[in-house]
Structure formats: C-alpha cells, structure tokens
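Structure first, then comments.
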Amino acid sequence: MDYISADIEKKWQNYWKENDSFEPSEDFTLEKKYILSMFPFPSGRLHMGHVRNYSISDALARYHRQQGKNVLHPIGFDSFGMPAENAAIKNGSHPKGWTYDNIDYMKNEFYALGFSFSRKREMATSDELYTKFEQSFIIDMYEKGLLYREKGMLNWCPNDQTVLANEQVVDGCCWRCDTPIEKKDMNQYYFKITQYSDELLDDLKELEKGWPKQVLTMQENWIGKSNGLAFDLLFDDESKAKLNSMFESFDVFTTRPDTIYGVSYTALAPEHAIVTYMCENKLLDEATIAQIIKMKNTSSIDRQKEKAGLPLGLNVIHPLTGKIVPVWIANFVLMDYGSGAVMAVPAHDDRDYDFAKKYDLPINAVIKAKDAESDVSEKAFTDAGVLFNSGEFDGLNSKKSQYNIIKMFEEKKIGAKTTNYKLKDWGVSRQRYWGAPIPFIHCEDCGLVMEKKENLPIALPDDVEINGEGSPLENHPTWKHCKCSVCGKDAVRETDTMDTFVQSSWYFLRFCASPETLKNTAFTKEEISYWMGVDHYVGGIEHAILHLLYARFFTKVFRDLGYLDFDEPFDKLLTQGMVLKDGTKMSKSKGNTVDPDAIIAKYGADTARLFILFAAPPTQELEWNDSAVEGSHKFIKRFFDRASNVKKTETKPKIDHSSLSKEEKTARKKVYEALKRSEEVFKERYTFNTMIAGVMEAVNALNLQSNADVWSEGYWILASIMEPVIPHTCWDISNEYFSLNNLTKQEILEEVFIEDSITLGVAINGKNRGEIEVDLTATKEEILTLAKEKVKKYLEDKTIIKEIVVPKKLVNFVVKG
RNA sequence: GCGGAUGUGGUGAAAUUGGUAUACACGCCAGACUUAGGAUCUGGUGCCGCAAGGCGUGGAGGUUCAAGUCCUCUCAUCCGCACCA
C-alpha cells in the first residue's frame, strides 16, 4: 500500500474527533499531566513557530497519554489586542468578526496538524464569559488594594494611541510598532505588583529545577533588587532661604555607603520636585529653566548619549564631614528609581566620574585596592577595597565599612538600610476598544466606584467606529452612560480597557474548568488543585519577562484571594528556539517564511512534525532546510512501507532470544535501545532528535534481518515510540497490524542487552589502535594477551609501563621508547 | 558595562558519569534498476597523504594512563538587561 499522507491524516483526524480521543477524564483519582503550550494570538494563520511550539507539547501530551496518565492538553486564543483594531482601520472589518474568523481558520490548521487538544475546552479570551470572570477578579483585586488609579507620567505610543506598561517599552520604543514613546501625564490603573517583589524574586528558587537558568536570571534582573543606605541631605541656611523654606532636605539612596566620604556633589533628576518648584517659581534664570525643560523633553535614548547638567546654586551639608556640597541637576539621574536624587562620588562611580570631568568638579578618592596606591586620574576605581580619608572608618574594607556606616546612620537616626527595586507597578489601562473593559464607574458624588458583580460582564458594544483616533469607547454615543452602582445617579463608565497581558495571566487556570464548569464559573478550586501546576509549559523565550512574570504575580494574588493554594503556576518551562531560514528569523517583512499549510499539502502533517523535532533539540534554533524536510518525508514512507514485513498480532510477540541469529539479536537490541532512549527523552532531556535517530537506527537494523516475529515486535514498539511525533502514520500502522493495542506503555526487556561477547577498543598511550572481541567471561589476563597480539606491531621496540583494562570499554597500554 | 548561553565534518547535529570523536540525517560521489530520474535500492564519504602514517571538537596552556567532557587563560558569535545610584 502506498503512503498517501492526505488520506491517512484525514482518516485519523476524523477518527479522533468522532471518538473524543483526547478529552481528559474528570476522575481526579487518576495521575494527571497538564501539558500546555503558550496560546496564540489569532493573527490569521499559523507560522512555523506555532508548529514547532505545538509539535513539542503534542509529543509530550501523547507520550503521557500512552503512559496511562490523565492528560490535559488544551488550546485557546489570546484574542484581544491591537492587531484586530489595526485590521479594522485598514480594511474596515470589525475586530470581533476579524478575530473569530481567524480563530476558525487557525483551529482548522491546528487539527490538520493532528494536535491532540481537548476540543471541549477551547476558548478565546474575548469571549464574554471570560471577560465576565476577569472583571470579577479585577473587582476583588481592587477591594484588596491591589489595583489603584493614579495620575502619572506614562509611556504613550503616539502610533497606537495608547499607554504602555514599562515592560512594553523596548529601547524607548513601543514593543509592538517600534514608534518612539512619549511621556504623557494621565490617569492610569495599576496592579500593585511591587507588593510581591520579594516573593516574585525569592520564589525563583523554587523554579530552579524546572526553568531555564536564563529565564530565571532575566526575571531576577528585571525585579532588580538592591540593598543600600537611604539618607537625607540637609540644605544649608542660605539654600533654604532661596527655596522659600519650602524644602529642608532631599532623600538619596546609595548601594555604596563605603564611598560616602568621597561625595563631592549631589544631583537631582530634572523631574525632581525641587527642580519643578524652582522652575515654576522662577527661582532660576530663564535660560536655565529653558535648558531644564529641554532636558526633560529629550527622549530616553538621546538622554543616554552624553552626560549633561546644570548647577542649581544650592548647597547641602555632608552628613558626616559637615562640609558644603553643591547640588546639581543631571540628565542621568532617573526620577523613577529611588528618590530621583543621588549623592555623587566621582572617584568611585563611572557616571559620576564622567560628569565631574565634564564640569570640573572635585574627585576625592576614598577607596583603594588592598596592596596598591590610589589612582583615579584616568578613571574611577569602582571595585571594593580599603577605605582612606574616611575618618574613623580608615583602614576598613568596603564590606565591613558598609555595615558600620549604615549602623551609624541608623543610630544617629539620619538614615536607614533600604531596599530598592527596578520593578514598577504594572500599568494596565489601555485607551483602546478591543480589550476587556475595566469595570468601574465615575460618579460625580461617589467618585470612582466598582460595577456590581451581578451586572457583569460589562461587554463591549458592537456598533463602534474605529478610525484610529481617540478611544472608540470614549467616542461611542451611549455606551459609557450608566447609573452609579452606589447612589444610582447618572454616571459614566470607565472607557479604558485592560492590557491583554491580563487575560494571559490566568488562562491556564480557566483551562482546568470542565466543560460543565466552564458555563457557570471561571473554574473550581477542586479542579485547579487537581490539574495545577502545569507540568510542562512550552513557549517562546520572548515571554521570559512579561507574560511569565505577570502570570506568576496573578497566581500569588489568586492565592491570597483564596482561589487556590499554591505559589507558582508552571513547574517546568521549556523555551523553544526560533525557526530560522537562511540564518535569520522567519518573518513576513524579510519574505523568508514557509507556510505550514503548503508543507502539509505537499508532504503531510507528520512530515512537518518529524522534521521540526528531528532537525534540532527544541531549545535550540532551528534552521529550515527543504531537502531535510524531504528526507523526513522519505523516512516516513520507508517506515510505512517496511511495515509490510510485520505479521498481524493482537499482542506483542514473545521471542526466544537465544535462538536468534546475530542480525536478529542486533535488531532487537536496537529496538529496545530506542525505547530506553525514548523514556529518557520524555522524562528528562526532551532531545527528540536523539530519540528519532535511535528509531532510525532500529529500522535500519530490522531491515538487515527477516524474522517476522522480530519485525512485529520491533514495529509494535517503534510505532508506539514514534506516535507522539508522527501520530497519523503510527495510528494507521497500529490499526492495520496491532488493532491499536500497542499504543501504550512499553516494557523494556533486559535480556536483549545481554551479549555473549563484547568489543573492546585497544589503545596505546590513549590513541586508538584497534579493537578486539572478547568473551564476556574473559579474564583480565586473557584480554591483555589478546590485545597485545592485536596491536603487536605498535609494541615492537617499546616497553609497556602500564596496562589499563576498563571493563566493557577498552584496554590502554602506556608505552615508552 | 552586567548577566546568560554557544563554538564539533561541506550542512543540521550525536557522544547521559572523563573511556574507540563525528551516531542519525542532509548533501556529495559511485553503482544497480529504469525510456527517463529531482523515484527506489546498494555501497562510499573528517582532513592531509600513493602509502606507511600523521593531524583533528574556536585558540593557548594544565590535570590524567585517557579530555569534546575537568581546571586556568584567551578569542569569536548570539541573546537578555542597561546612566538602576
């Protein structure tokens, strides 16, 4: 029978659909596996990155199903978001229609690839029920004080006409459209993620077993915890008078209190309150004010190009020496880190050094290397060292003095040990239409109030005009008008919608809901405690910070709200590498994409899956190679054709190993080696390429013999091993020859690994010179005699100094002369 | 600058604890079958060399009977963060 991929694949896809083959059981006494791939945005069609992502998770899901586990392998769509609106603006389509059409199309693509998803748990985050539950959680979070509204300087993308979270600003530009962001003073809703900074950082330890180190490090850096000293710098009397006695002091933070005797100036961020006061009250001359305004309006990228600043004509008093220290304004001081002000120690900080050199400020060295002279004439000395010119702390090392200096500040009550984080609260409101509305109401009398839970969902209106100008909800004639949930008076709805990352922060919990639960509640605690945590989470490294941090945050919040009782959502994280063509990432703009549909049409889904899992380990980049795809296709055909050597059987044949020929024994050994490899791969290594190579070797070995029982046993096992990779082909073979009985856990037979003789390498001075075959029972002396005979010609005129026999591996002679 | 990785044939890549480097595949070469071959099958293929032999895992050292694997230094590439005080 010829291998016709289209027929076979269609046949089994229909079979799986009709038989609900991949629905998880509701029996919570079974051992479970929750296998999840990061769900896609419904952009229109699948790309190869998707195919790789789901090929990996599908292989895991199918393997564990064979092992008898209760497997949850769901699929959904992260369906809110800007592209739907952009398409609306471009083609006049409606975001809803566009989104759901795309979902339908992509679902078909998924099932054409044979992915074993639970069809009954399919969902999209733009479904009204999803919005309903999410809005309910938002209200819970507000009541807990984890959501607040505040005016602030926000990241504004002028192209997308919306605010962005800090995490969504990449190199000063919008993460989505690359437009340089602007700062805009606006009201915004924030999740208090900073309340969980320490826990988000500390719990990374729990993840060390299951997450790539790289991701852990990225999260750690993003949270950016640093310990140091915070203290007040007091103005002198003259400066206080200049400031109309409005300010006594300002607060600074340092991680290097050991350098404090080297302070030679201090610097404020251009946005600092004192600077703002001075500008507003014209306490500086006009030219200076103009320069400050210019500095503030400079983009963050330009601000990094060169250090710049101005003296403010103010002085503070050094807290330890009592000396007068000038106050500057400096463009490198960031308003949103620490207090927006720094003590400057040019001798021991590169930035302070550059600035001091430029403006000719004093450079006072106070730390030197242990056994060297201090030299800061060329550059700052930023290492730890020994203190000098530091009063009572002279001679102490950096570490010791940091401790002592902080202690002294605390005793004198002029400063305190302080921890700072780079992590900021998560701004979640977006001025867009295609998102989940934030369920709040603005009432003239009552202020900001929550919508009543019984009124949820606050759904989006369908009749909107989307033209890219302003917020479509804000511009809608009637939608925003409502009654206050507290006093009943006329009021207005919040027209901002939520960041789409909010939806992806809890979708993995929603998947735990049974088809029954789905209709009524978000999920039940019982279901969640059974299915969570996710055993394998598969997705792209690009989500290392944003999505994974937010999802971890939501899990902790839901725990504190009583919805669940664990700390971390994802036990194991597998970050897949990119799919490349011609050395660069596949992308439409580069025109180097390969369309999955075309590959399926030409070779079939199994070929695409096999190539993707065979060409490289999943965490590594994958270079697309047309002829290697061809090769994968050839293997499947050969695998299918050679199945004709198999004798039909309902059970695995029993074979008397001792009666077999050498070729037959080798074939069996290779088959069972492949099985061993498969277990390691699925349990620990996930290097599917090596497992597939093992199967290929086994097929090659089977082909060198003609014992029908050996063929049958071989295929019984190999079709089971390969089913997670090329499911259609394997189900077809299994059905034809084994009545599908072999797609279960396979037992390893140790007898096939026992051999009567073994091959040993013979080396001289570590260099391989030949090999000998010896009896299993051979003694060391016998082996040595045989080995010496084998490499006789290399031993002439030489003296053997040492003879090493490594059992079952090799013999090594150390020779001289 | 800080952090994380990766360097092995013409190519994608194997080598799980130090033990015969290059499994498996792609490509290439040769042969068979064929009207034909971009199908299928068989064999060959690390490099230099006619051979004997020598050399080979980015580079330089080291430990060891034995190093792709361990240690020191170094080079290159990729990724992430970045004026975070």
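Every chain is numbered from 1, with letters handed out A, B, ... down the list of sequences.
B:A13 and B:G68 have their C1' atoms separated by 14 Å, given to the nearest Å. The P atoms of B:G10 and B:G49 are separated by 14 Å, rounded to the nearest whole Å. Taking the P atoms as reference points, B:G80 lies 34 Å from B:G18, given to the whole Å. Comparing B:C75 with B:A14, their C1' atoms sit 26 Å apart, to the nearest whole Å. When the P atom is compared between B:U42 and B:C33, the two are found 15 Å apart, to the nearest whole Å.
Closest to the side chain of A:Ile804, from the set B:C81, B:C65, B:A13, is B:C65. For A:Val814, taking side-chain heavy atoms from C-beta onward, the closest of the listed nucleotides B:C65, B:C79, B:C41 is B:C65. Listed nucleotides: B:G3, B:A23, B:A13. Nearest to the side chain of A:Asn221: B:G3. Checking B:C26, B:G4, B:A21 against the side-chain heavy atoms of A:Asn768 singles out B:A21 as nearest. When each of B:C24, B:C26, B:G19 is scored by its nearest atom to the side-chain atoms of A:Ser627, the top-ranked nucleotide is B:C26. Across B:C41, B:C81, B:A15, the shortest atom-to-atom separation from the side chain of A:Lys422 is found for B:C81. Relative to the side chain of A:Trp222, the nucleotides B:C26, B:C81, B:A13 differ in distance, and B:C81 lies closest. For A:Lys634, taking side-chain heavy atoms from C-beta onward, the closest of the listed nucleotides B:A13, B:A23, B:U40 is B:U40. Distances were taken from every side-chain heavy atom of A:Lys802 (C-beta onward) to each of B:A85, B:C65, B:G12; the shortest belongs to B:C65. Distances from the side chain of A:Asn700 to the nucleotides B:A25, B:C81, B:A15 place B:A25 closest.
Using a 4.0 Å heavy-atom cutoff across all strands shown, A:Val333 reaches at least one base atom of the nucleic acid. A:Glu771 comes within 4.0 angstrom of a base, heavy atoms only. Residue contacts for A:Glu630: at a heavy-atom cut-off of 4.0 Å it reaches no nucleic acid atom on any strand shown. Residue contacts shown for A:Ala615 are limited to sugar-phosphate atoms, with no base heavy atom under 4.0 Å away. Residue A:Asn420 is classed as having no contact, given no heavy-atom separation below 4.0 Å to the nucleic acid. Within the nucleic acid shown, A:Ser632 has no heavy atom closer than 4.0 Å to any nucleic acid atom. Base engagement by A:Phe614 is indicated by at least one non-hydrogen atom pair under 4.0 Å involving a base atom. Across all strands shown, A:Glu684 has no heavy atoms under 4.0 Å from either base or sugar-phosphate atoms.
Map A:Pro617 and A:Met578 each onto its nearest nucleotide of RNA chain B; the residue landing nearer the 5' end is A:Pro617. Residue A:Met696 is the one, among A:Met696 and A:Asn765, whose nearest nucleotide of RNA chain B lies closer to the 5' end (criterion: closest heavy atom).
We find that NZ of A:Lys213 is positioned 19 Å from P of B:G80, with the value rounded to whole Å. Taking atom CZ of residue A:Phe635 and atom C1' of nucleotide B:A23, one finds them 15 Å apart after rounding to whole Å. Taking atom NZ of A:Lys683 as the reference point, atom C1' of B:U16 lies 15 Å away to the nearest angstrom. A straight line from OH of A:Tyr603 to P of B:C26 spans 13 Å, rounded to a whole angstrom. Taking atom NZ of residue A:Lys767 and atom P of nucleotide B:C55, one finds them 7 Å apart after rounding to whole Å. Distance A:Arg769 CZ to B:G54 C1': 9 Å, rounded to the nearest Å. Taking atom CG of residue A:Asp349 and atom C1' of nucleotide B:G1, one finds them 12 Å apart after rounding to whole Å. Across the protein-nucleic acid pair, A:Met218 atom CE and B:C78 atom C1' stand 13 Å apart, rounded to whole Å.
Pairing for B:G19 is with B:C65, a Watson-Crick or G-U wobble pair whose two hydrogen-bonding atom distances lie under 3.5 Å. In a base pair of the Watson-Crick type (N1 to N3 plus N6-O4 or O6-N4) or a G-U wobble (N1-O2 and O6-N3), with each distance short of 3.5 Å, B:U40 is matched with B:A32.
Between the side chains of A:Tyr672 and A:Glu750, no donor N or O sits under 3.5 Å from an acceptor N or O. No hydrogens or angles considered: nothing links the side chains of A:Asn420 and A:Ser226 as a donor-acceptor pair under 3.5 Å. Between the side chains of A:Asn645 and A:Tyr715, not a single donor N or O lies within less than 3.5 Å of an accepting N or O. Side-chain contact annotation: A:Asn625 with A:Ser627, donor-acceptor N/O pair under 3.5 Å present.
The number of heavy-atom neighbours closer than 6.0 Å to NZ of A:Lys358, taken from other residues, nucleotides and ligands shown, is above 12.
Taking the ring axis of A:Tyr421 as reference, the NZ or CZ atom of A:Lys225 does not stay both within 45° of it and closer than 6.0 Å to the ring centre. Figure legend: A:Lys683 and A:Tyr63 shown without cation-pi pairing, the cationic atom not lying both under 6.0 angstrom from the six-membered ring centre and within 45 degrees of its axis.
For A:Asn812 against B:C65, a side-chain N or O and a base N or O form a donor-acceptor pair under 3.5 Å.
In this structure, B:G9 shows a glycosidic angle within 90 degrees of zero, which is the syn conformation.
Taking CE of A:Met343 as the start and CG of A:Leu233 as the end, the distance is 9.0 Å to the nearest 0.5 Å.
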